[in-house]
Amino acid sequence: MPTTTNIACNTLLAPAELKESDLDRVMDQILSHSIDSADIYFQSSRLESWVLEDGIIREGAYNIEQGVGIRAINGEKTGFAYSDEILLPNLLEAGKSARAIARSGGSGNIHIKGATAPNQFYDPINPLDTLSEEQKIDLLRRLDAEARKQDPRVTQVIASLVAVHDVVLVVDNEGTMTGDVRPLVRCNVHVIVEQGEQREQGSSGGGARQAFQFFIDQDRALEYAREAVRLALVNLEAVDAPAGTMPVVLGPGWPGVLLHEAIGHGLEGDFNRKGTSAFSGRLGDKVATEGCTVVDDGTLPGRRGSLSVDDEGTPGQYTVLIEDGILKGYIQDRLNARLMGTESTGNGRRESYAHLPLPRMTNTYMLPGNREPGEIIASVDRGLYAVNFGGGQVDITSGKFVFSANEAYLIEGGKITRPVKGATLIGNGPDVLTRVSMVGNDLELDAGVGTCGKEGQSVPVGVGQPTLKVDELTVGGTSA
Amino acid sequence: MQDMKEKQGRLEQLVEDLLSEAKKQGATSAEAGVSSDAGLSVNVRLGEVETIEHTRDRGLGISVWFGHRKGSSSTSDFSGDAVRDAVRAACNIARYTSEDSCNGLADRELMAANPPDLDLYHPWNVEVEEAIALGIECEDAARSVDPRITNSEGASLNTHSGLQIYGNSHGFIGGYPSSRHSISCAVVGQEDDAMQRDYWYSTARSRDTLEPPDLVGKKAGERTLARLGARRIPTQEAPVIFQAEMAIGLMRSFIGAINGSALYRHSSFLMDHLGKQVFPKFVRIHEQPLLPGGLASAAFDSEGVATRTKDFITGGILQSYVLDSYSARKLNMQTTANAGGVRNLYIEPGDMDLEALLRTMDKGLLVTEMMGSGLNMVTGDYSRGAAGFWVEDGEIQYPVEEITIAGNLRQMFAGLQAVGKDLDRRSSIRTGSWLLEPMTIAGA
């Protein structure tokens with residue numbers, strides 16, 4: 001079986017008849033300036049999407065992106081240029097633009113050598129071809145039928161299927177050339193329910209670095225349809241959410257977006273090198289209660305956030321961020337690791353060849369504790385039980401973060417009582433985990449739906465956690 | 001300019017090639033768009049260059065119809081082979097999509113005839129060295145505002161210019177060059193153990209109308225400084241002023257709620273509100289797509305339909321939805337030339353500046369930053385993280401943070417008390433600050 005690096009060379013270099021000696025030449029030309037590090041990043045990406053709406057296949061789209069980005073770094077300075085034509089003259093021109101960040105006077109005489117990720121966390125498949133067009137359309141129609149048969153109040157169903165086949169090849173200034181083939185599939189069901197004058201919505205979906213079969217196995221996609229309807233019907237019954245500071249129990253899985261916003265971003269190497277994060281200079285500090293261990297894990301097989309190698313050619317890793325309450329580590333790419341005197345943690349990621357790498361999360365989650373979920377809920381006299389969330393956001397510098405619940409219930413006298421309307425929760429990243437008083441034994445990862453935005457770049461990520469009790473969190477309802 | 005004319009000619013030819021290839025492959029109708037953009041982006045931090053990026057982006061997109069079945073594709077590859085492949089991919093998709101009588105080009109008679117030049121192209125061939133110097137000047141101004149400004153995320157200068165061309169099988173083809181430049185700065189302040197960050201930016205079609213770098217930096221520094229010492233406030237009901245920048249977000253939510261695709265999906269809290277009172281009587285909201293030099297100006301929409309000036313709200317009453325040809329047909333209406341969105345949206349300003357609005361509110365919250373996306377468009381339920389200032393006796397008392405504000409957009413719109421004349425001129429959505437009736441604030 002060919003290695004991913006061979007596949008990447010065949011996909012990206014062969015059509016332009018680019019040889020290893022050409023890459024030598026481009027890199028030597030960059031290194032003729034006083035450059036500390038440089039890379040050439042080739043990418044070819046194919047995306048296909050299908051949308052069902054009003055019972056018909058309304059839209060389909062196919063997108064092809066390819067290009068090459070060249071980065072040259074001198075100290076803290078980065079020069080960057082890219083081209084959407086993978087041809088030698090374009091590489092040489094981009095290399096000249098990028099190296100202009102430093103004066104001439106360096107020398108390079110590198111020799112390209114192919115390398116392959118030590119581990120593959122997903123198969124190098126093209127997911128677009130893993131179902132026929134007829135099968136994709138049939139799946140969408142079945143989702144529509146499944147949602148509508150749940151309840152006569154379902155009036156609208158929008159179902160979508162997306163597949164991405166991403167092939168990348170990174171050449172660094174040591175001459176190491178590493179390829180990766182990254183499949184990604186995503187399915188989503190959105191419904192509207194109506195009851196008299198009242199309307200509500202519900203959404204559910206999932207995804208993975210796998211073939212489309214992922215959605216058919218275990219009836220996953222059909223379950224998204226049922227879940228979307230269930231969520232919409234719950235929200236039809238929801239009363240106004242409470243306003244104020246109270247105990248909050250977060251369900252397992254996707255509520256782990258808390259960790260992504262409150263903790264993860266603040267631990268990214270760039271903000272910490274620059275001293276602009278509320279976590280800057282706090283390695284070794286107690287930032288969570290004992291029993292809280294948070295990791296960033298790019299090695300989970302087939303997960304949406306996983307990476308066999310990152311976009312700088314560093315293998316995907318398992319990195320402990322918080323261990324038993326103590327801050328242990330940052331999320332690093334090569335540039336920030338070098339400037340901070342440490343090693344990349346395999347978190348150098350970029351949206352595409354036309355974007356610069358940044359330290360970014362992969363799959364971020366908390367390890368399980370030993371409490372039964374039922375016991376955690378029973379411990380709350382009056383509070384909120386939040387199980388489904390939309391997105392979140394964080395102000396790295398002040399540490400304030402938000403995340404928005406779209407399925408939540410009141411806890412009264414230790415029991416889950418009524419559903420409440422969606423509400424935004426707000427807290428302070430550096431101390432929210434010091435208020436975690438109970439950690440469940442029920443770790444779950446999200447269904448594979450996360451997308452993280454930073455400096456205008458989107459990348460797929462995962463989150464997860466067990467049931468957690470936070471003693472005090474501010475709930476932004478309307479019922480004061 | 002001559003270069004640009006030649007380039008425009010080449011891209012127009014590419015659109016023609018795409019359309020004729022679509023016809024050759026059997027499509028009954030087709031539309032194609034091509035864009036090409038180049039620019040420079042320079043970041044400086046703590047007085048030194050951080051990144052220099054040379055950007056060069058291009059793309060082509062094609063949609064084909066076989067009767068009422070549609071397929072689309074796009075690529076960044078402009079070669080002849082790629083054109084054929086893109087059309088083939090779109091045609092292949094159309095074999096599997098459904099017959100949908102609402103699907104097709106916008107009606108032929110609506111196509112823009114002789115679209116005017118809207119003066120959108122003012123390229124700025126700034127040298128890298130000059131861009132660095134301007135960035136440093138901007139950041140220096142921010143850092144010298146006060147010794148409590150202790151750190152910086154840097155300043156950046158961006159300049160982009162490019163061309164976009166659209167054509168379809170009605171015979172319409174149109175295109176224009178445009179430019180956009182911006183300068184921005186973000187700095188960090190520290191007081192005791194707490195850090196705060198804020199930013200400011202300026203953006204314009206022409207460098208002549210960009211705010212000077214030192215002014216942008218000074219505002220960034222002052223805004224960061226004003227946030228130091230932020231505290232929480234107790235949970236309560238209180239009136240709220242959305243400062244102009246934040247009021248733009250409310251305008252955007254309004255436009256989202258009258259967008260055709262939300263309406264035909266029954267996904268908007270303003271469904272069936274045409275002709276009904278949405279805002280108080282004093283409110284007028286209108287669109288000026290043909291404004292020369294406007295940040296969102298365009299003489300035709302993304303289906304080639306001639307754009308026109310119109311009111312969405314007159315006397316507080318909803319006059320028009322925001323429709324493209326597809327959503328219009330779904331609703332048995334006519335497109336409002338808003339394929340691709342709304343272009344230059346204005347709300348009639350009142351006669352109070354921000355100080356006067358604060359005095360009118362007397363006691364309440366001035367919101368200057370929002371976090372998160374807590375809006376349910378189906379119901380209008382609204383709950384978002386916020387930061388700003390507590391106001392008493394009509395004056396700012398202290399900065400506040402880590403709170404949420406919640407309400408329902410339908411009631412927030414209906415309860416709009418006043419619109420300020422303190423317009424944020426940097427956005428294609430132009431409004432002053434909004435004074436609203438009490439909302440629920442959740443805090444300590």
Side-chain angles (χ1 to χ4, degrees), chain A residues 56-67 76-84 97 100-101 133-134 137 155-156 158 192 194 199-201 241 243-245 274-276 278 354 356 390-393 395 397-398 400 402-404 421-424 426-428 474-480, chain B residues 45 48-58 70-77 82 86 89-90 93 95-98 100 103 128 151 153 188 194-197 230 235-237 265-267 371-374 376 378-379 381 383-385 387 401-407 440-444:
Chain A
I56 60 169
I57 305 300
R58 195 195 139 192
E59 279 182 351
Y62 187 76
N63 175 261
I64 305 171
E65 291 285 338
Q66 62 173 35
E76 297 187 32
K77 301 184 174 74
T78 301
F80 180 55
Y82 57 86
S83 169
D84 46 28
S97 297
I101 197 73
E133 315 307 353
E134 288 84 356
I137 278 151
T155 56
Q156 290 282 327
I158 301 172
I192 298 285
E194 299 189 39
R199 274 186 295 274
E200 259 298 353
Q201 60 184 340
T245 299
K274 296 172 184 174
T276 56
L356 276 168
Q393 193 181 337
D395 178 327
T397 304
S398 71
K400 305 300 176 268
V402 295
F403 57 138
S404 298
K421 287 184 178 176
T424 288
I426 189 162
N428 184 37
T474 301
V475 178
T478 51
S479 180
Chain B
R45 177 170 177 266
E48 301 274 352
V49 176
E50 189 170 47
T51 59
I52 298 173
E53 294 183 51
H54 300 271
T55 69
R56 190 176 283 267
D57 296 290
R58 56 184 202 176
K70 182 186 182 185
S72 302
S73 74
S74 57
T75 177
S76 56
D77 190 343
I93 282 174
R95 290 168 54 201
Y96 298 99
T97 51
S98 309
D100 179 353
N103 223 330
V128 171
N151 202 342
E153 283 188 1
V188 173
M195 291 195 295
Q196 295 286 349
R197 162 201 181 277
T235 300
Q236 61 190 292
E237 304 256 328
R265 289 171 181 150
H266 293 203
S267 303
M371 284 176 83
S373 51
N376 181 337
V378 178
T379 59
D381 289 329
S383 166
R384 298 185 69 193
E401 64 175 2
E402 203 182 334
I403 56 169
T404 60
I405 55 174
T440 307
I441 300 168

- Look at the side chain of A:Thr478 and the backbone N and O of B:Ala406, then say whether any donor-acceptor pair between them is shorter than 3.5 Å. no
- Main-chain N/O of B:Ile52 paired with A:Thr78 side-chain donor or acceptor, under 3.5 Å: no
- Task: Identify, with sequence neighbours excluded, every residue that meets side-chain hydrogen bond (donor to acceptor under 3.5 Å, both in side chains) alongside B:Thr440.
- Result: B:Glu237
- Query: Mind checking what makes side-chain hydrogen bond (donor to acceptor under 3.5 Å, both in side chains) contact with A:Glu59, not counting sequence neighbours?
  - Reply: none
- Best-contacting candidate, A:Gly427, A:Ser404, A:Gly390, against chain B by heavy atom pairs under 4.5 angstrom: A:Gly427
- Engaged part of B:Thr379 at the chain A interface, taking heavy atoms whose separation is under 4.5 Å: side chain
- Heavy-atom proximity to chain A below 4.5 Å, by part of B:Arg45: side chain
- Message: If you count heavy-atom pairs within less than 4.5 Å of chain A, which of B:Gln196, B:Lys70, B:His266, B:Arg197 leads?
- Response: B:His266
- Look at B:Arg265, B:Glu401, B:Arg56 and state which one has the largest set of heavy-atom pairs under 4.5 Å with chain A. B:Arg265
- Message: Can a side-chain donor-acceptor contact be found between A:Gln201 and B:Asn376 if the only test is distance below 3.5 angstrom?
- Response: yes
- Have a look at A:Lys77 and tell me which of B:Glu48, B:Glu53, B:Glu50 forms a salt bridge (Lys or Arg N to Asp or Glu O under 4.0 Å) with it. B:Glu48
- When the 4.5 angstrom heavy-atom criterion is applied to A:Ala423 and chain B, the contacting part is both
- Pair A:Asn428-B:Glu402, side chain to side chain contact (heavy atoms under 4.5 Å, CB included): steps then yes or no: CA-CA 7 Å; A:Asn428 184 37; B:Glu402 203 182 334; 3.8 Å; yes
- Message: Counting only heavy atoms from other residues, nucleotides and ligands, does the tally under 6.0 Å from CZ of A:Arg199 exceed 12?
- Response: yes
